[in-house]
Amino acid sequence: QVQLVESGGGLVQAGGSLRLSCAASGSIFSLNTMGWYRQAPGKQRELVATMTTGGFTDYADSVKGRFTISRDNAKNTVYLQMNSLKPEDTAVYYCKLEFILAHDYWGQGTQVTVSS
């Protein structure tokens with residue numbers, strides 16, 4: 001009964017910025033990891049960034065220094081600030097909510113397109 005709602009995707013020129021949001025609703029255990037993954041056509045889904053309830057973060061090497069993940073634990077919402085976007089960042093971005101010893105949940109994805 002957990003649901004994730006994503007927003008903020010769109011079209012942007014290279015060098016521009018976008019901010020993605022993902023709000024989780026339902027029965028949310030207080031200790032969890034939320035994050036962002038992306039999948040380009042013909043490629044495997046890959047980790048972009050994750051953040052635990054306690055504030056520990058993990059970033060893909062390709063986005064370090066350009067993307068910043070943050071979260072509001074009270075609202076069960078995670079954000080991804082994407083700066084200095086490149087055409088290779090073009091993908092469908094998926095929000096993920098992870099629980100220990102429980103089912104993981106995924107959002108439906110939001111399209112990010114970066115034009116050169």
Side-chain angles (χ1 to χ4, degrees):
Q1 59 182 337
V2 173
Q3 186 174 5
L4 302 176
V5 179
E6 301 156 323
S7 63
L11 175 64
V12 65
Q13 294 183 354
S17 298
L18 284 173
R19 186 174 188 248
L20 306 182
S21 299
C22 174
S25 62
S27 300
I28 310 299
F29 186 66
S30 60
L31 300 179
N32 60 67
T33 298
M34 296 186 73
W36 296 93
Y37 294 71
R38 67 186 181 187
Q39 187 168 20
K43 297 187 179 297
Q44 295 293 314
R45 190 172 299 185
E46 64 178 357
L47 179 147
V48 177
T50 62
M51 190 173 190
T52 69
T53 312
F56 294 97
T57 60
D58 187 25
Y59 291 92
D61 289 341
S62 60
V63 307
K64 287 180 179 177
R66 299 188 298 120
F67 292 8
T68 302
I69 189 170
S70 61
R71 62 183 292 170
D72 185 335
N73 292 335
K75 297 182 181 295
N76 291 314
T77 300
V78 64
Y79 307 92
L80 185 68
Q81 179 66 46
M82 304 185 293
N83 298 326
S84 301
L85 282 162
K86 305 174 181 179
E88 51 263 44
D89 295 318
T90 296
V92 177
Y93 284 69
Y94 296 91
C95 179
K96 184 183 181 184
L97 174 60
E98 304 173 4
F99 297 108
I100 297 177
L101 301 179
H103 182 71
D104 296 339
Y105 295 89
W106 292 89
Q108 291 299 115
T110 184
Q111 177 70 48
V112 171
T113 302
V114 184
S115 62
S116 59

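All residue numbers refer to positions in the sequence shown, counting from 1. Computed from heavy atoms alone, side chains included, the values below leave out hydrogens, waters and symmetry copies.
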Listed pairs under 3.5 Å, donor-acceptor, residues 19-30 side chains, sequence neighbours left out:
| residue | atom | partner | partner atom | Å |
| --- | --- | --- | --- | --- |
| Ser27 | OG | Gln1 | NE2 | 3.0 |

| Just by modelled atom types, is the Arg66 backbone N or O under 3.5 Å from a matching donor or acceptor in the Tyr59 side chain? |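 No.
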| said: Keeping Thr52 on the side-chain end and Thr33 on the backbone end, is there a donor-acceptor pair under 3.5 Å? | reply: no
Could you tabulate the donor-acceptor pairs under 3.5 Å formed by side-chain atoms of residues 93-103, not counting sequence neighbours?
| residue | atom | partner | partner atom | Å |
| --- | --- | --- | --- | --- |
| Tyr93 | OH | Arg38 | NH1 | 2.9 |
| Tyr93 | OH | Asp89 | O | 2.7 |
| Lys96 | NZ | Glu98 | OE2 | 3.3 |
| Glu98 | OE2 | Tyr37 | OH | 3.2 |

To the nearest 0.5 Å, what is the distance between [atom1] ([X]) and [atom2] ([Y])?
X     : Y      : atom1 : atom2 : result
Asn73 : Leu31  : CG    : CG    : 9.5 Å
Asp58 : Lys64  : CG    : NZ    : 7.0 Å
Glu6  : Gln111 : CD    : CD    : 12.0 Å

| field | In one Ile/Leu/Val/Met/Phe/Trp/Tyr side-chain cluster, 4.5 Å: Tyr79, Leu18 | value |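 No, because Tyr79 and Leu18 fall into different hydrophobic clusters, even though each may have its own neighbours under 4.5 Å.
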Nearest atoms (heavy-atom pairs only) where [X] meets [Y]:
X      : Y     : value
Leu80  : Ala49 : CD1-CB, 4.3 Å
Ser84  : Ser17 : N-OG, 4.3 Å
Leu85  : Val12 : CD1-CG1, 3.5 Å
Val78  : Met34 : CG1-CE, 3.7 Å
Pro87  : Ala14 : CD-CB, 4.2 Å
Gly109 : Val92 : CA-CG1, 3.8 Å

| said: For the CD atom on Gln13, are there more than 12 heavy atoms of other groups (residues, nucleotides or ligands in this structure) within a distance under 6.0 Å? | reply: no
| Are there more than 12 heavy atoms of other residues, nucleotides or ligands under 6.0 Å from atom CD of Gln108? | no
| task | Let me see the working for Trp36 and Met82 under side chain to side chain contact (heavy atoms under 4.5 Å, CB included), right down to the final yes or no. | result | CA-CA 12 Å; Trp36 296 93; Met82 304 185 293; over 6 Å; no
| remark: With sequence neighbours left out, the residues meeting salt bridge (charged side-chain N to carboxylate O under 4.0 Å, His left out) with Lys43 are none
